[in-house]
Amino acid sequence: MFLTDGQETYMKYKSTRSNYAVTASEAIVEGIAPDGGLFIPTLIPQIQISDYMNLSYKDLAKKVLALFLADFSQEEIDACVDGAYDEKFETSNIAEVKHLESYSVLELYHGRTLAFKDMALSILPYLMKTAAHKLGIEEEIVILTATSGDTGKAALEGFMDVDGTKIVVFYPSDGISDIQKRQMTTQEGHNTYVYGIKGNFDDAQSAVKKIFVDDQLKSKIKSKGYRFSSANSINIGRLIPQIVYYIYAYTEMLKGGQIKENELLNVVVPTGNFGNILAANYAKAMGLPIGKLICASNENYVLSEFFKTGVYDLERSFKVTNSPSMDILISSNLERYLAFIGEDVKEHMARLNDSKKYTLSSRGQEALKDYYGNYATEEETLEEINSLYQSGYLLDTHTAVASAVYKKYLKESNDSNKTLIVSTASPYKFTKHVVHAIAPERLSGSEFKLMKTLNDLTSVKIPKVIEGLENFEIKHPKIIEKTSIQETIESILR
Ligand SMILES: *Cc1c(COP(=O)(O)O)cnc(C)c1O
């Protein structure tokens, strides 16, 4: 779809729930549309892979972001990319593609918080600052973030001490790994605020989304010199940088001879809020030869069921699993996919709200053929880690869910396309579960002691950023009721 302004045709971002449309800068600063919808690009740029060959990650990112950020200059984009993808990443390649016997793995966890969230959250603060400057925004931007464990830390690191911003994070106090929790509660920075809530990720995300559309609260804080924005993947500024690594992985595999020109590549994505796999969906729509999009869920399998049945059904109980960053029932970004396939988003969201369930139109059901959805149980996840460990590769629980689901897909389909598994976290972020999988007899002591055990068992080094984590000073000990999220925010912004 094109929006025209006089003679010019350029990309804007419109709400999934109305025709409200803004520039890229405005979409990034606003985070969510005033009608509660999410911003989506009004057109999908098309690419030729040959134009993207032999580029470093950063150079490729500069080209891809320029396609989407129509009101940013190339100089501005270059500065954002150069600032974000620096020596904070453990590998100068930024993302690594490894080739195992049955598939390739795209390792996205070499950033400073050890999860793929760093791929987008290291650049979002730069994009946001640039956008705010272009728009002449004077208020301080308050980033409200709900996290299932990884977004919080990555957002805190990204926005720490960034002038003109404050960052407030809410994490479920039970249900994240000790390492994730310690990473957040020890956060430095004069503008950082972290709270555990007595509730789950969905509680945190719903409360935060409600605040974004509360006009009264928004004008109240505006009078004090603040405005809200989001670091969650509801912000389009999170999604666009994620498209980059799919194109990068494809060019790397082409260069390495793992695939041939135009060969279809399946991608398997361990999925929670549907942000990562949606970026793959956009890359495919841009012309990247992606075959099946394989959506891997854990036992909170509302999404994999959706891809099987075309029905999104929230009526189920929430389970805390050993892949906690995917413990989500309300996958926000699916709303963007509904818009992508031409569904009546507003109608479905209304149904979800009043009867906890919606069903796709028959045309929508047809579109689901691009996808395969399935889930892995906690037990299957552990078995998968152990089986890969035996053959010499260490993966975390989330990536193991993807690997186990891929094996189910192969059994059902006999699809012989090459496949890329997206690896979303370092095994050290979920040390306890990983040790449980590969050497249950060694499972004793704290998660910090187990880091040493895992290091003994494998040749994989403990990432520098979490060395000594157990001795860092706890700066954010507070746990609050889920009903006091708004009150807590107001008390920060007094
Ligand atoms: C956030 C996260 C996911 C889920 O990604 P979505 O974009 O929310 O689908 C999977 N694995 C890990 C380790 C994560 O941190």
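All heavy atoms count here, side chains included; hydrogens, waters and symmetry mates do not. We count ligands from 1, going down the list as the structure has it; atoms in each ligand are counted the same way.
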- Query: Under the 6.0 Å and 45° cation-pi test, does K408 pair with Y375?
  - Reply: yes

- Heavy-atom donor-acceptor pair, S331 side chain to G272 backbone, under 3.5 Å: yes

- Decide ring-ring contact (aromatic ring centres under 6.0 Å, His included) for Y13 and F39; before the verdict, give the C-alpha distance in whole Å, the side-chain angles of both, and the deciding distance to 0.1 Å. CA-CA 5 Å; Y13 290 84; F39 289 113; 7.4 Å; no

- Query: For the residue pair Y57 and Y85, does the interplanar ring angle fall in the parallel (under 30°), tilted (30 to 60°) or perpendicular (over 60°) class?
  - Reply: perpendicular

Pairs of donor and acceptor atoms involving the side chains of residues 206-213, under 3.5 Å and at least two apart or interchain, shall be tabulated with distances.
residue, atom, partner, partner atom, Å
S206, OG, D202, O, 2.8
K209, NZ, S332, OG, 3.1

Could you list each nitrogen or oxygen of ligand 1 that sits under 3.5 Å from a protein nitrogen or oxygen, with the atom names and the distance?
residue, atom, partner, partner atom, Å
ligand 1, 7 (O), G275, N, 3.2
ligand 1, 7 (O), N276, N, 2.9
ligand 1, 8 (O), N273, N, 2.7
ligand 1, 9 (O), G272, N, 2.7
ligand 1, 9 (O), N273, N, 3.2
ligand 1, 9 (O), F274, N, 3.0
ligand 1, 11 (N), T424, OG1, 2.9
ligand 1, 15 (O), K117, NZ, 2.6
ligand 1, 15 (O), D150, OD2, 2.4

- Y337 and Y371 aromatic centres sub-6.0 Å: yes

